[in-house]
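In what follows, chains carry the letters A, B, and so on, assigned in the order in which the sequence lines appear, proteins first and then strands, with residues in each chain numbered from 1.
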2 protein chains.
Amino acid sequence: MQLVEDHCAKTGQDCAHGRTACADCKVRLHSICAALEQDELHALEALSHPTRYGARATLFSQDEPADSVFNVTEGMVRLYKLLPDGRRQIVGFALPGDFLGLALMDRFGVSAEAVGDVSVCRFQRKGFAAYIDTKPHLLRRLHEFAGHELSLAQDQMVLLGRRSAEERVASFLVGLRERLARIGQKSVTLALPMSRQDIADFLGLTIETVSRTMTRLARDKAILIVPDGVRLLRPEHLEAIAAR
Amino acid sequence: MQLVEDHCAKTGQDCAHGRTACADCKVRLHSICAALEQDELHALEALSHPTRYGARATLFSQDEPADSVFNVTEGMVRLYKLLPDGRRQIVGFALPGDFLGLALMDRFGVSAEAVGDVSVCRFQRKGFAAYIDTKPHLLRRLHEFAGHELSLAQDQMVLLGRRSAEERVASFLVGLRERLARIGQKSVTLALPMSRQDIADFLGLTIETVSRTMTRLARDKAILIVPDGVRLLRPEHLEAIAAR
DNA sequence: GCGCGGTTTTGACGTGCGTCAATGTCATGG
DNA sequence: CCATGACATTGACGCACGTCAAAACCGCGC
């Protein structure tokens, strides 16, 4: 996943580090931009509709026709499924550089909401697909990306099916840290813009269990709970719990 | 997912119905063969190494280099992940027509074992990739297939994170029935070649809970437990529980 | 038939996490 | 400054599912 670095080295821009979008590359195709030449990037950008969403805004919702594809450029998006009785499972959080609705047919099957304020590049599905058809190597890249997502989903299955509350919370923190590091934020202090309810719905727990578990980790000096986030005091310890 | 039907109508063979492979199509590309012309199918078949595995044989295992791609033609394969302490999560069961190792990079991250006896077409990853590069429409198909798998994985996350034991078992039975129906076995009597331990590890439960839950469903006359399988007596009832 | 090993079922009991409810924290706004 | 409301934490308690252990079942070989 050094792809952005590649691209940035090539263009001399720092679109990877979360500050601004490239002057020549508003679209944040972190995981695939290295496969694209400059003119291809521009072509893709020309197709995109840059859009902003406020906190809690809905990008799309399950069972609705999926006529758009999104590339997140700023902020965080929660992807979730609702059961008829209101139970919710968050199936993922999308960060800058992530694609939404890529590997989809005609329905999403998943809903997406902005966690805080969010910027995206939206594409008409049809136009996007048509462009991709002209760039086979780009399609391969997208396919690899889908494989990566599938692998994350499988890890999440293990977490939900077989791990204790403590292991879930530790994996969550460590996993988030890794993802943030990959897009240029390598701090040991993690921003957690999502609510405890979101974390609980992601980890298959309740608010209370998440809260108690974090308190316990804090008591053990593994983390420090700060406003809107967490500082990892003993990342090795968390990793040990997560890898268990 | 009527694709096999399309292909079979075209070729006049009945490769879809689980009896034999097509005379002209040993490879069972259920989900993609409709995208292929006859000569393309033959080209693909020429690349394949038909292989048989006995019960419990390992097709590949997590952390091992993934140099092959598999197309299941007969039998059932369990895909699972192991935690260091031996806990196991089955992330899926592969049926005839399914691909294994498709959307993968250099490692599988997942292990695969034959449940009973299994036949597959194995491909060298490199050769397979090279062939696919010459057929962009085939790659698109594979990509759609990956999207379908991702969607199944997300459903499984909801199941593991938010559903009761009864809901898990009912969804499992109904889901398996649907998948079997799609490959031509439309009976209300399901073969369950996998052990209770497998079912438990798939559903994030224990053997005992699976057993008790099935017994309860049987007492309620929703199912009838038969040797190595289950007959669905009131599928609507199960579907109601599963959809809940 | 009988014994044997593996799997499944059943029962009695334990516990990790869920539920319910009270309390604390913090931002917002009058 | 206090009132308000949203969210997070904490505590007391309950329950669905896990654990442990004892049958029961089911080929399979002799």
Who are the side chain to side chain contact (heavy atoms under 4.5 Å, CB included) partners of [X], not counting sequence neighbours?
X	value
B/Glu167	A/Arg87, B/Arg163, B/Ser164, B/Ile241, B/Arg244
B/Thr51	B/His49, B/Tyr53, B/Val120, B/Arg122
A/Ala218	A/Ile223, A/Ile225

Which whole-number value in Å describes the distance from A/Arg87 CZ to C/dT19 C1'?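 To the nearest whole Å, that distance equals 15 Å.
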
What is the 5' to 3' range of DNA chain D, first to last nucleotide, that sits under 4.0 Å from any heavy atom of chain B? D/dC17 to D/dC20

Ignoring hydrogens and geometry beyond distance, is a side-chain donor-acceptor pair present between A/Thr206 and A/Thr209 at under 3.5 Å?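 Yes - a donor-acceptor pair under 3.5 Å links their side chains.
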
Any side-chain donor paired with an acceptor under 3.5 Å for B/Tyr80 and B/Glu113?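 Short answer, yes.
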
Has the side chain of A/Arg125 got a donor or acceptor atom that lies under 3.5 Å from a matching backbone atom of A/Gly101? yes

Salt bridge (Lys or Arg N to Asp or Glu O under 4.0 Å) involving B/Arg234 - partner list, sequence neighbours excluded: none

Over 60° means perpendicular and under 30° means parallel, so classify the ring planes of A/Phe93 and A/Phe172, tilted if in between.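 A/Phe172 vs A/Phe93 ring planes: tilted.
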
Pick the nucleotide of DNA chain C nearest each of A/Pro227 and A/Gly204; which residue has the one closer to the 5' end?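 Taking each residue's closest nucleotide, the earlier one in sequence belongs to A/Gly204.
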
For nucleotides 5-16 of chain C, just jot down a letter per nucleotide in 5' to 3' order: B, S or -, based on protein non-hydrogen atoms under 4.0 Å. --SSBBBB----

